[in-house]
Amino acid sequence: MKNKKLLAAFFVVLLLLAGGGAWFYHNQTTVPKGWVNQSLMTLEESDNKLSNSFYLMFDKNTAYLAARLGGNEESKPSKLSKDILNAFSVKGSDRPQAGQWVKLGRVKTERVKDGYRIKTRKVTFDFKKTADGAYRSQDGTYWQLVPKGVENKQ
């Protein structure tokens, strides 16, 4: 009888630990605090080295990428551009359609000198902060935080 009670208590504790760990994992904030429920968007065509213009959207621990109109038709393939196209499952010279979006997955953020390294399952972004408050990714594309309250008009 004593062993059954001990075994039952052990399983209750084990379930509580597993449940608490799962709750912590799903509710942990892994993006920079100022970026939670925010978006970064690529800037003008001349500052955009990617095939499309994009929104990079964040919740507290997940990133999403949405294609917008525009972009640089003469963009040179970079590792970042190829990773983004692979995330959209786009082959060759095809570009994602405006409005198409993809979940990049859970975010792991590293603070690096003058910026952040944002890692997901599908794409890694190395953002360096510029003097005007925007961010520059590893391929030279400029990204600006979208002000709160501004809706996507494209």
Side-chain angles (χ1 to χ4, degrees), residues 15-154:
L15 285 173
L16 288 174
L17 286 174
W23 179 85
F24 177 77
Y25 179 81
H26 289 291
N27 288 300
Q28 179 185 26
T29 300
T30 60
V31 301
K33 291 203 187 306
W35 294 14
V36 175
N37 297 323
Q38 286 284 94
S39 298
L40 288 169
M41 66 181 239
T42 54
L43 295 182
E44 300 299 319
E45 186 176 312
S46 61
D47 295 325
N48 185 354
K49 311 292 189 247
L50 301 172
S51 62
N52 283 61
S53 292
F54 292 99
Y55 282 111
L56 180 59
M57 301 165 287
F58 301 97
D59 63 19
K60 61 184 164 188
N61 57 22
T62 308
Y64 306 86
L65 194 62
R68 300 172 39 218
L69 295 175
N72 189 343
E73 302 237 356
E74 299 161 8
S75 65
K76 294 185 172 64
S78 66
K79 180 171 178 358
L80 178 61
S81 181
K82 288 176 187 175
D83 288 347
I84 288 173
L85 291 178
N86 285 339
F88 278 98
S89 299
V90 174
K91 304 286 187 236
S93 61
D94 292 340
R95 296 168 38 171
Q97 299 297 315
Q100 187 178 357
W101 66 275
V102 65
K103 182 178 180 178
L104 298 177
R106 187 171 178 86
V107 172
K108 180 179 179 213
T109 302
E110 288 179 45
R111 185 89 165 112
V112 294
K113 184 179 180 189
D114 300 327
Y116 298 100
R117 174 170 288 139
I118 306 292
K119 290 177 132 180
T120 68
R121 274 190 332 245
K122 299 179 179 182
V123 183
T124 297
F125 296 92
D126 291 326
F127 289 118
K128 300 274 189 229
K129 192 158 188 158
T130 62
D132 63 357
Y135 290 88
R136 185 173 48 83
S137 58
Q138 62 265 39
D139 68 340
T141 299
Y142 281 84
W143 299 74
Q144 181 70 48
L145 276 169
V146 177
K148 288 186 179 188
V150 174
E151 292 187 26
N152 178 8
K153 300 293 183 193
Q154 285 186 305

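Only a predicted model underlies this, so the values are computations on that prediction, with no experimental measurement involved.
- Nearest heavy-atom pair, Phe58 versus Trp35, reported as atom, atom and distance to 0.1 Å: CB-O, 3.4 Å.
- In this structure, OG1 on Thr42 lies 11.0 Å from CD on Gln144, to the nearest 0.5 angstrom.
- Side-chain atoms of Asp132 come within 3.5 Å of backbone atoms of Ala134 as a donor-acceptor pair (strictly under, hydrogens ignored).
- Pairing each heavy atom of Ala87 with each of Val102, the nearest pair is O-CG2, 3.2 Å.
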(request) Please assess Val146 against Leu40 for the test side chain to side chain contact (heavy atoms under 4.5 Å, CB included), listing each intermediate value before the final yes or no. (result) CA-CA 6 Å; Val146 177; Leu40 288 169; over 6 Å; no
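- Other residues, nucleotides and ligands contribute over 12 non-hydrogen atoms within 6.0 Å of the NZ atom of Lys128.
- Shown here is Gln97, whose CD atom has no more than 12 heavy atoms of other residues, nucleotides or ligands within 6.0 Å.
- Phe127 CZ to Thr130 OG1: the interatomic distance, rounded to the nearest 0.5 Å, is 11.5 Å.
- A donor-acceptor pair under 3.5 Å is formed between the side chain of Gln138 and the backbone N or O of Thr124.
- For the atom pair CG (Leu65) and CG (Asp83), the distance works out to 11.5 Å, reported to the nearest 0.5 Å.
- Put simply, CG on Leu50 and CH2 on Trp143 are 6.0 Å apart, with the number rounded to the nearest 0.5 Å.
- Both tests pass for Arg111 against the ring of Tyr116: distance under 6.0 Å to the centre and angle within 45° of the axis.
- Under the 4.0 Å criterion applied to side-chain N and carboxylate O atoms, Asp114 and Lys129 are not assigned as salt-bridge partners.
- Distance CG/Asp139 to NZ/Lys82: 12.5 Å, rounded to 0.5 Å.
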